[in-house]
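Working notes for the structure below.
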Amino acid sequence: MTQRGRFITLEGGEGVGKSTNIAFVAGWLEARGIDVVRTREPGGTPLAESIRALLLSTDHAEPLDVDAELLLMFAARAQHLAEKIEPALARGAWVVCDRFTDATFAYQGGGRGIDPARIEVLEHFVQKGLAPDLTLLLDMSPEDSARRLAGRLRSENTTLDRFEREQAMFFTAVRDAYLARAHAEPRRFAVIDAAGPLEVVQRALEAVLAERVTPWR
Ligand SMILES: Nc1ncnc2c1ncn2[C@@H]1O[C@H](COP(=O)(O)OP(=O)(O)O)[C@@H](O)[C@H]1O
Ligand SMILES: Cc1cn([C@H]2C[C@H](O)[C@@H](COP(=O)(O)OP(=O)(O)O)O2)c(=O)[nH]c1=O
């Protein structure tokens, strides 16, 4: 029987380096012969990416209700799990995902102020017990990440999405919620200081992967 794959997630605030480092994590695993599926949330399948577009859009005249936002996150997640994550894990591939449910607890829980107990109800309903095996939390102060985001905006000439338009207080609450979750589940989480130069961040990631992943093989 094929051994089920492992599920690794990358988390953190805006501009902490998740997209940059997901390639590094996937490459590290692939170099060790692991079949890796790289994906992201919200999104990861065509339909879930359509829900993502709706969630990030600033084109609607009416505000998006916070519960509607929460339900759309989980609707995208249900689709992503059914179409991509579960089949990949079942065939023995490892899934490396840019954000997952910890982001919901951080953004919709910490940022928007939704009671975490209500988020847990949806977590159980949609995930039916599935949880990441390892979560790499890239941690950085909201001030530093705002500076990085500003740099990216200048170089790529893009506009801010619906979340990126939030105020500093929102991002502080997001960070605090992430750190509280990492503190509560130290065996699943590894917190990595993301404020340093890329080589330093990647050396820290490599150390965590060597320590946590090697015993699984
Ligand atoms: N350690 C680092 N030091 C400096 N700049 C970085 C570092 N990691 C990523 N960046 C840059 O910061 C910006 C945001 O990184 P990105 O990977 O897109 O973050 P995220 O996916 O978390 O939003 C990009 O312009 C990226 O090149
Ligand atoms: C997965 C997820 C993302 N989000 C938000 C965080 C991000 O602002 C946005 C899109 O994620 P992402 O593309 O990772 O943003 P960035 O690369 O700018 O850091 O969706 C939630 O609010 N809840 C969730 O459950």
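Fair warning: this is a prediction, and the values are worked out from it, not measured in the lab. Counting convention: from 1, in listed order, for ligands and their atoms alike. Computed from heavy atoms alone, side chains included, the values below leave out hydrogens, waters and symmetry copies.
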_Part of Ser155 with heavy atoms under 4.0 Å of ligand 1, whether side chain, backbone, both or neither_ = neither

Could you tell me if any non-hydrogen atom of [X] lies under 4.0 Å from any atom of ligand 2?
| X | answer |
| --- | --- |
| Arg162 | no |
| Leu149 | no |
| Arg52 | yes |

*Pull out every atom of ligand 1 sitting under 4.0 Å from any heavy atom of Gly196, numbered as shown with elements.*
1 (N), 2 (C), 3 (N)

_Atom indices of ligand 1, in the order listed, that fall short of 4.0 Å to a heavy atom of Gly15_ = 14 (C), 19 (O), 20 (P), 22 (O), 23 (O)

For [atom], grab the closest protein heavy atom and report residue, atom and distance to one decimal in Å.
| atom | result |
| --- | --- |
| atom 2 (C) of ligand 2 | Ala103 CB, 3.6 Å |
| atom 11 (O) of ligand 2 | Arg99 NE, 3.2 Å |
| atom 22 (O) of ligand 2 | Gln108 NE2, 2.9 Å |
| atom 19 (O) of ligand 1 | Gly17 N, 3.1 Å |
| atom 4 (C) of ligand 1 | Arg148 NE, 3.6 Å |

*Tell me which one of Gly109, Gly44, Pro42, Ser19 gets a heavy atom nearest to atom 3 (C) of ligand 2.*
Pro42

*With atom 18 (O) of ligand 2 as the reference point, say which of Glu11, Lys18, Met73, Glu14 has the nearest heavy atom.*
Glu14

*If we only count N/O pairs under 3.5 Å, is Arg40 in contact with ligand 2?*
no

_Just by distance, no angles: are the side chains of Arg175 and Ser145 close enough, under 3.5 Å, to form a donor-acceptor pair?_
no

*asked:* Set out, in order, the CA-CA distance, both residues' side-chain angles and the distance that settles side-chain hydrogen bond (donor to acceptor under 3.5 Å, both in side chains) for Thr104 and Arg77, then state yes or no.
replied: CA-CA 11 Å; Thr104 314; Arg77 184 159 299 136; 2.9 Å; yes

So for ligand 1, is [X] a polar contact partner (N or O within less than 3.5 Å, distance only)?
| X | value |
| --- | --- |
| Lys18 | yes |
| Ala194 | no |
| Asp98 | no |
| Asn21 | no |

Which ligand 2 atoms are under 4.0 Å away from a heavy-atom of [X]?
| X | answer |
| --- | --- |
| Glu164 | 18 (O) |
| Glu41 | 1 (C) |
| Arg77 | 1 (C), 25 (O) |
| Thr104 | 24 (C), 25 (O) |

*Using a 4.0 Å heavy-atom cut-off, say whether Leu56 meets ligand 2 through its side chain, its backbone, both or neither.*
side chain

*Ignoring hydrogens and geometry, is there a side-chain-to-backbone donor-acceptor pair from Ser141 to Asp144 under 3.5 Å?*
yes

*Is the side chain of Gln108 donor-acceptor paired with the backbone N or O of Ile114 at a distance under 3.5 Å, no angle test?*
no

*asked:* Aromatic contact between Tyr178 and Phe189, with the criterion being ring centroids under 6.0 Å apart: yes or no?
replied: no

*Measure the CD-OG distance between Gln79 and Ser50 for me, rounded to the nearest 0.5 Å.*
10.0 Å

_For Arg188, the option from Asp102, Thr9, Asp133 that meets side chain to side chain donor-acceptor pair (under 3.5 Å)_ = Asp102

